[in-house]
Every structure is written in structure tokens, then in C-alpha cells.
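Right, one structure below, let's go through it.
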Amino acid sequence: MAKKKRYLTAVMADGYVKTIGPTHAPFTHFWRIVATLQNGKTDVFWGHAPSRKDAAGKQAAAAEAAVQRGWRSYTLEIVELTECDDRGG
């Protein structure tokens, strides 16, 4: 029998909601990097990971990107994904 596809939802501290799916992938966490550029604008990078440890590993990549791209600052946020029945959350 085929595995049921599921929808996953991440709710960030600022209220941003991201829904992922339908998927069979074993994602458990969502990560987001909000970078402040030299001109004051922001750029956002995001993804999902199969574990909190994997998501936290983005810290090193973010620090390297900050140097290479000349970001003024950045934040890395990680939240646990929750399964929902449908796209509506």
C-alpha cells in the first residue's frame, strides 16, 4: 500500500506560516535565514530538514554566506514542522 502524502506546516515566531506538501519526505523541521544586506534590504532563504540537528547545521553555511555576500546581519530560525490534514492547516 502506498504511503499517504501529508502536508506539513511551520509557524515562525513572527507569525509567518509555511505549508509544505503534499510530500512523503521525512521532514521534521523548517529553517529560515533572514539576511540584512548592506543597502538595508532583506533577503530570505528557507528550507526543510529531516532533523533539528540537520537544520542547525545551516548556521555554518549562513556565517560563511554572510562573509561572502557582505551581509550586515542575519538570523537563523528553526521550528518544528507539524502535520496537518490538508493544505488549509
Side-chain angles (χ1 to χ4, degrees):
M1 179 184 269
K3 274 180 131 177
K4 178 184 171 194
K5 288 188 178 181
R6 56 196 187 126
Y7 288 93
L8 304 170
T9 301
V11 180
M12 306 306 284
D14 63 0
Y16 177 80
V17 176
K18 175 69 177 174
T19 301
I20 302 159
T23 185
H24 290 299
F27 298 129
T28 61
H29 287 78
F30 177 83
W31 57 268
R32 176 175 73 172
I33 298 169
V34 179
T36 303
L37 309 179
Q38 290 297 330
N39 62 7
K41 293 183 179 181
T42 58
D43 210 349
V44 179
F45 306 89
W46 61 268
H48 16 42
S51 70
R52 181 165 187 79
K53 181 179 178 180
D54 186 58
K58 302 300 177 195
Q59 182 63 45
E64 187 176 314
V67 171
Q68 289 178 347
R69 298 177 182 186
W71 296 343
R72 267 200 257 167
S73 63
Y74 69 92
T75 58
L76 171 64
E77 303 164 286
I78 300 169
V79 297
E80 190 170 354
L81 289 164
T82 56
E83 191 168 339
C84 52
D85 292 334
D86 58 24
R87 209 167 160 74

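This is a predicted model, so every value here is computed, not measured.
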Where do A55 and A49 come nearest, in terms of heavy atoms and distance? N-CB, 3.8 Å
For Q59 and L76, indicate whether the former's side chain and the latter's backbone hold a donor-acceptor pair under 3.5 Å. no
Would you say R52 and T28 make side-chain contact, with heavy atoms under 4.5 Å? no
dist Q38:CD -> R72:CZ (nearest 0.5 Å) comes out at 6.0 Å
Could you give the distance from OG1 (T82) to CG (L8), rounded to the nearest 0.5 Å? 7.5 Å
Non-neighbouring partners of H48 that pass ring pair (Phe, Tyr, Trp, His ring centres under 6.0 Å), sequence neighbours left out: F27, W46
Heavy-atom closest pair (I33 atom, A62 atom, distance to 0.1 Å) is CD1-CB, 3.7 Å
Under the criterion ring pair (Phe, Tyr, Trp, His ring centres under 6.0 Å), which of W71, W31, F30, Y74 is the partner of F45? W71
Could you go through T9 and V17, starting from their C-alpha distance and side-chain angles, then the distance that decides it, and tell me whether this counts as side-chain contact (heavy atoms from CB on, under 4.5 Å)? CA-CA 7 Å; T9 301; V17 176; 3.6 Å; yes
Stepwise side-chain contact (heavy atoms from CB on, under 4.5 Å) test for D54 and H29: CA-CA 9 Å; D54 186 58; H29 287 78; over 6 Å; no
When you look at R32 and V44, which way does the side-chain contact (heavy atoms from CB on, under 4.5 Å) test go after all the steps? CA-CA 7 Å; R32 176 175 73 172; V44 179; 3.8 Å; yes
Spacing of T23 atom OG1 and R6 atom CZ [to the nearest 0.5 Å]: 7.0 Å
In terms of hydrophobic clustering (I, L, V, M, F, W, Y; side-chain heavy atoms under 4.5 Å; direct or indirect links), are V79 and I20 co-clustered? yes
